[in-house]
Amino acid sequence: MKVWIDGQMLDKAHAKVSVFDHGLLYGDGVFEGIRVYGGKIFRCRAHMDRLFASAKSIRLAIPISSQEIEEAMRQCIGANGIVDGYIRLVVSRGVGNLGLDPNKCARPTVIIIADQIALYPSKMYEEGMAVIIAKTRRTSAIMLPPAVKSLNYLNNILAKMEATDAGVCEALMLNDKEELAEASGDNVFLVKDGKVLTPPTDAGILIGVTRQIVIDLSAKLGLAVSERPLRVDDIRSADECFLTGSAAEIIAVTRVDDFAIGTGSPGTITQRLQKAFQEMIASGQFE
Ligand code: PMP
């Protein structure tokens with residue numbers, strides 16, 4: 001495997017960054033997780049826009065243009081023979097000293113890794129998955145805007161550990177107002193009485209690329225979509241629940257804590273959206 005770091009394609013064994021990189025020392029940086037389908041970078045523009053917006057929010061000046069990043073990603077997927085896979089794009093603050101001050105970091109580090117990904121076992125895509133509601137809350141926007149896809153994933157990791165402790169793969173996270181925010185690494189949707197519901201962007205979520213695709217596909221399928229605050233009661237009384245993410249794609253949730261969702265099997269609207277999503281990928285008709 002070859003990894004792209006600051007303009008160089010390096011063998012995996014030599015793909016290393018400094019221990020003084022503030023991405024490592026402080027989680028100071030931003031990233032994207034991007035799918036490659038049929039050799040094409042999926043929703044490249046949306047990911048580039050989010051990357052640059054995340055960087056701007058933390059006053060990180062990405063040292064190369066989005067065109068140069070796109071070109072480097074193509075080079076990296078080509079070098080690794082990736083047709084269907086996943087790109088991890090990281091921009092860290094760069095090498096500094098042992099103080100917090102980002103001004104001491106001369107140049108941000110840009111890293112591109114192209115690999116395969118299988119987030120959840122394939123059986124779960126047919127049968128649905130069980131999740132818990134984590135005690136760990138999603139970071140509130142007054143602390144660190146959740147829309148920034150930063151290298152600080154500790155609160156999501158704590159939620160993920162709660163899920164693992166409970167013997168499931170994922171955890172739903174609430175915000176500090178007891179409202180549903182998202183899963184540890186995915187956005188969340190509910191279906192109630194034929195209506196597709198998802199927490200609004202100000203509920204403390206990452207504004208997912210896949211979330212937007214699902215909103216658009218729902219409209220195309222003639223389904224009503226509402227972005228509104230949702231609470232634990234809404235989850236328990238939902239007919240369907242599913243998660244969305246670049247790595248996860250669309251996956252049904254059939255159990256939340258001790259409650260079966262709907263019939264306890266993936267719901268029909270979830271399946272329609274999964275099908276529409278797969279058709280879009282298969283068609284290659286995406287930017
Ligand atoms: N929320 C969080 C916390 C995430 O890390 C991700 C990405 N893994 C998502 C939502 C989904 O975003 P996207 O559809 O852009 O991958």
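Counting starts at 1 for both ligands and their atoms, following the listed order. Numbering starts at 1 and runs along the sequence shown.
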Open item on the list: Would you call the rings of Y37 and F286 parallel, tilted or perpendicular, taking 30° and 60° as the class edges?
Closed with: perpendicular
Note: ligand 1 atoms sitting under 4.0 Å from heavy atoms of S246 are 13 (P), 14 (O), 15 (O), 16 (O)
Heavy-atom proximity to atom 13 (P) of ligand 1, picking from L206, N156, V209, points to V209
of all protein heavy atoms, closest to atom 11 (C) of ligand 1 is N187 OD1, 3.6 Å
Taking NZ, NE, NH1 and NH2 as the nitrogens, is one of them in R228 or E179 under 4.0 Å from a carboxylate oxygen of the other?
no
Nearest heavy atom to atom 6 (C) of ligand 1, choosing from A46, G185, A247, belongs to G185
With D28 as partner, the option from L151, D21, I58 fulfilling side chain to side chain contact (heavy atoms under 4.5 Å, CB included) is I58
Under 4.0 Å between heavy atoms, the region of S184 that gets near ligand 1 turns out to be backbone
Closest to atom 1 (N) of ligand 1 by heavy-atom distance, out of E182, K149, R138, is E182
Full working for salt bridge (charged side-chain N to carboxylate O under 4.0 Å, His left out) between R137 and E178
CA-CA 9 Å; R137 295 295 168 97; E178 310 268 324; 3.2 Å; yes
| said: Between R45 and D49 (salt bridge meaning N to carboxylate O under 4.0 Å), is one present in this structure? | reply: yes
Distance col, row L217:CG vs T210:OG1, nearest 0.5 angstrom, shows 10.5 Å
For G245, the atoms of ligand 1 under 4.0 Å from one of its heavy atoms are 11 (C), 14 (O), 16 (O)
Ligand 1 to Y153, heavy atom cutoff 4.0 Å, flagged ligand atoms 2 (C), 3 (C), 4 (C), 5 (O)
the protein heavy atom lying closest to atom 14 (O) of ligand 1 turns out to be T210 OG1, 2.6 Å
**Asked** Does R50 come within less than 4.0 angstrom of ligand 1, counting non-hydrogen atoms of the residue?
**Response** yes
Within 4.0 Å of some non-hydrogen atom of G208, the atoms of ligand 1 are 12 (O), 13 (P), 14 (O), 15 (O)
* Asked: Does E227 come within less than 4.0 Å of R211, counting only side-chain N to carboxylate O?
  -> yes
What one should report as the nearest heavy-atom pair of R50 and V209 is NH1-N, 3.6 Å
